[in-house]
Structures are given as structure tokens and as C-alpha cells.
Amino acid sequence: MPPRISFPSPFKAFTGSSHVQSPLSAFSHQPCKTTIRAGSFESRERRRHDPFLMALSRQRKAANLSRQQALREERQAALGDPVKSKPTPFIQSIQSTETVQQTQSESSTEGGASSDALNYFVTRPELQEALEYSKELTSPIQNPERETADPQLEKEAAERHLQEHRNAQEAINRIVSLANGNSKDRLRVNIQKCIDTFGRHNTDKFLPPKPAPAVQQPHPEKTPRAGPDTGSPEVQVAILTTKILNLSRHLEQAGANRDKHNKRNLRLLVHKRQKLLRYLRRRERGGPRWQYLMETLGLSDAAWKGEISM
């Protein structure tokens, strides 16, 4: 006959005692832990009550935060500045037009301003030709009867005419100089520079075409361009870069914290340029037109890559 094992009855009345009768249930309620998982409640409680572990935890946190800041700064330095451009010759010419100042030496010379850019849609060769033509028209007429002519009077008239021509030339140079114009005149001249530099009516002559796609598809013939190119993406990017440089220079002088309106306008211009740069890179497949635009404008990868927060 097998031995009998006595177990407590499950229907026994609860007396309110928390004593566990079964030895198996005691093991289930109090399991033996050999290790404590890092980051668990037990480890946090142990660190909270141990000053040495708490100091080590704070030290590791400070080291991690400093390393994250260093990596973030390295990443931003590698990408560059999304607003400012590198000092390329084209950017320097744009900035010199924006900050042009008329000096005393320039106003005293016959050439006027040293820059070729003039106001009122006047070019330097046209101005020189007009001045020479006016000088010839206003020159004094010599007496055809040389026997009765007075050389002294003719000499005085020639000197007077030369002095009057110099005064008129200096006055015209001051009128057409950009130093005496407003910001809209200088912006218009810079926009014309962008059109002449990046317009496809000029860049198609020396830039090779973009890489051909893998699958050739027949495209309809394009209508030939009439006049200068003013609407291509590279021209729009150059015009936006000119406006961004002008607005950022104004914010540096006036203070971005006070001029909230222009700060928002600068943010809109930068984001609009970013969209155009992404479109042009996707369209040109990183070809020679894209490289020429980025190198001439001195733009970095931060101008089109990633999220721009200002």
C-alpha cells in the first residue's frame, strides 16, 4: 500500500495570517537573484543610496553629454554654414557692390567709380563713348580765316571747354555711381550679374551637358530661348543668395533679436533656396552645372542637406 502524503485542505478558512504553508510557494515568492540588470529598479535604488555609485553615474552622464556636443559641432563644421557663403570672387564682387562707398580719390578722377557696374542701366563703354561724343560736339569752332584769328583767344576757349568738360564728366560720374544710389539700385545690379553669370544663354557655351540617363527616352524638341535666361534654377539660386547675403549683413548690424520680421524673411529665403538646390541636384544628377553653381557661389552642403533650423 503506497504511503499517504498529507496536504492542507484548500477549503480551510482564511485566518488572516500571511504565513506560507507550502515550501514551493516560498521559492516562487522570494526568487534568488544572482545578478542585477543595469538600469533596473534595483540598480537605480542601489545607486541612489550609494554616493560613490551616484558620483560615477553623474560623471558618465557629463562625459556623454560633452561627447555629444563635440560630435554635433564636428558635424556642423563639416557641413558648413547654411546662410553664409565662402569668399569666392563672385561673392566678393556682390558684397563690394552692396557696400560700395565713393571716396574722394574716385570722385576726383575722370573714370569715376572703380567698379564697372553703374546705375540707371548704363554701362562703362557706353558712358565713355557718350562723353567723348559730347566733348566733340561742344568743342569750340576755330576761325577759318587764320590771318585774322587770335591764338590767345582760341587757347583760352579750348582751356575753358576742357575745364567745363571735366566738370560735366565728374557730375555724370557722380550721378551714375552706385555709391549715390539706394539699396534697390544695388540689388538690381547684382541680379543682373547673377543673370549674366549663371544664365544658360551664357553657361551653355562652356559647360558640358549633364550625364545621360540609363534609359534613353525620346523628348520633344524645346522651343529656342528668346533673350537672356532669367528663370532657370541656378539663376534663381544666385538671386536668392544675393538677397540672403544682403539681409544677413543687415541683421548683423541691426541685431537679429530686435528685427524679428527680417529674421523670418531670411529663414524663408534660406528654405526656398534649399528646395531649389535639392531640385537642381536631382535634376542635374550632380553634373557640371551643379558643381559650377556651388563653387561659384561658395555654398556648402549645409545649404541643401538636412534640416535647417535658424
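Just so you know, residue 1 is the first one in the sequence shown, and it goes up from there. Computation of the quantities below employed the complete heavy-atom set of this structure, encompassing side-chain atoms and omitting hydrogens, waters and symmetry-equivalent molecules.
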More than 12 heavy atoms of other residues, nucleotides or ligands under 6.0 Å from CD of Gln59: yes or no? no

Heavy atoms, side chains only, cut-off 4.5 Å: are Lys243 and Leu266 in contact? no

How far does CZ of Arg273 sit from CG of Leu280, to the nearest 0.5 angstrom? 13.0 Å

For a 4.5 angstrom cut-off between non-hydrogen side-chain atoms, does Gln236 reach Lys272? no

Check Pro82 against Ala302 and note the closest heavy-atom contact, atom names and distance. CB-O, 3.5 Å

Between CG of Leu240 and NZ of Lys275, what distance do you get to the nearest 0.5 Å? 12.0 Å

Would a hydrophobic clustering, with Ile, Leu, Val, Met, Phe, Trp and Tyr connected at side-chain separations under 4.5 Å, put Leu127 with Ile175? yes

Do Tyr120 and Leu131 belong to the same hydrophobic cluster, where Ile, Leu, Val, Met, Phe, Trp and Tyr are linked whenever their side-chain heavy atoms lie under 4.5 Å apart, directly or via other members? yes

Look at the side-chain heavy atoms of Ile, Leu, Val, Met, Phe, Trp and Tyr, link any pair under 4.5 Å apart, and say whether Val122 and Ile172 land in one connected group. yes

How many angstroms lie between atom CG of Leu187 and atom CD1 of Ile94, to the nearest 0.5 angstrom? 9.0 Å

Main chain of Gln291, side chain of Glu284: is a donor-acceptor contact present, judged purely on distance under 3.5 Å? no

Shortest non-hydrogen contact between Glu154 and Ala149, atoms and distance: OE2-CB, 3.6 Å

How long is the gap from CG on Asn143 to CG on Asp150, to the nearest 0.5 Å? 10.0 Å

Could you check whether Arg72 and Gln69, counting side-chain N and O atoms only, form a donor-acceptor pair closer than 3.5 Å? yes

Would a distance-only check, ignoring hydrogens and angles, find a side-chain to backbone donor-acceptor pair under 3.5 Å from Arg186 to Gly181? yes

Are Arg200 and Arg289 close enough, and set up right, to give a side-chain contact (heavy atoms from CB on, under 4.5 Å), and what steps lead you there? CA-CA 10 Å; Arg200 299 195 176 183; Arg289 194 179 301 277; 3.6 Å; yes

Identify the residue among Asn190, Leu118, Asn119 that makes a side-chain contact (heavy atoms from CB on, under 4.5 Å) with Asp185. Asn119

Is the number of heavy atoms from other residues, nucleotides or ligands within 6.0 Å of CD (Gln92) greater than 12? yes

Going through the distances and angles, do His161 and Thr138 end up as a side-chain contact (heavy atoms from CB on, under 4.5 Å)? CA-CA 8 Å; His161 170 260; Thr138 57; 2.9 Å; yes

Contact check, side chains of Asn202 and Thr197, non-hydrogen atoms, under 4.5 Å: no

Any pair counted as ring-ring contact (aromatic ring centres under 6.0 Å, His included), so long as it reaches residues 163-209, sequence neighbours left out: Phe90-Phe198, Phe198-Tyr292, Phe206-Tyr292

Between Gln192 and Asp196, do the side chains contain an N or O donor and an N or O acceptor separated by less than 3.5 Å? yes

Answer yes or no: is there a side-chain heavy-atom contact under 4.5 Å between Ile308 and Arg267? no

Where is the tightest heavy-atom contact between Gly80 and Ser300, given as atom of each residue plus distance? CA-OG, 3.6 Å

Return yes if some donor-acceptor pair links the side-chain N/O of Ser85 with the main-chain N/O of Leu299 below 3.5 Å, else return no. no

What do you reckon, is CD of Glu159 surrounded by more than 12 foreign heavy atoms closer than 6.0 Å? yes

Heavy-atom closest pair, residues Cys194 and Ala238: SG-O, 3.6 Å

Does the side chain of Leu65 come within less than 4.5 Å of Gln68's, by heavy atoms? yes

Verify side-chain hydrogen bond (donor to acceptor under 3.5 Å, both in side chains) between Lys193 and Thr97, making sure each step is shown before the conclusion. CA-CA 10 Å; Lys193 283 184 181 180; Thr97 305; 2.8 Å; yes

Trace of the side-chain contact (heavy atoms from CB on, under 4.5 Å) decision for Val237 with Leu277: CA-CA 7 Å; Val237 168; Leu277 285 173; 3.8 Å; yes

Go through the steps to decide whether Thr296 and Thr88 satisfy the test side-chain contact (heavy atoms from CB on, under 4.5 Å), and finish with yes or no. CA-CA 6 Å; Thr296 307; Thr88 59; 5.6 Å; no

Rounded distance (nearest 0.5 Å) linking atom CD of Glu252 with atom CG of Leu247: 10.5 Å

Determine the minimum heavy-atom distance between Pro288 and Pro209, stating which atoms define it. CG-O, 3.9 Å

Using 4.0 Å as the upper bound for N to carboxylate O, is an ion pair formed by Arg174 and Glu170? yes

With sequence neighbours excluded, what pairs up with Arg249 under the salt bridge (charged side-chain N to carboxylate O under 4.0 Å, His left out) test? Glu98

Please report the shortest heavy-atom distance between Phe121 and Glu126, naming the atom on each side. O-OE1, 4.3 Å

Could you check if a side-chain atom of Lys260 sits within less than 4.5 angstrom of a side-chain atom of Arg264, using non-hydrogen atoms only? no

Please check if the side chain of Arg278 supplies one atom and the backbone of Trp304 the other of a donor-acceptor pair under 3.5 Å. yes

Approximate separation, where rounding is to 0.5 Å, of His250 NE2 and Asn246 CG: 9.0 Å

Is atom CG of Leu71 surrounded by more than 12 heavy atoms (other residues, nucleotides or ligands) closer than 6.0 Å? yes

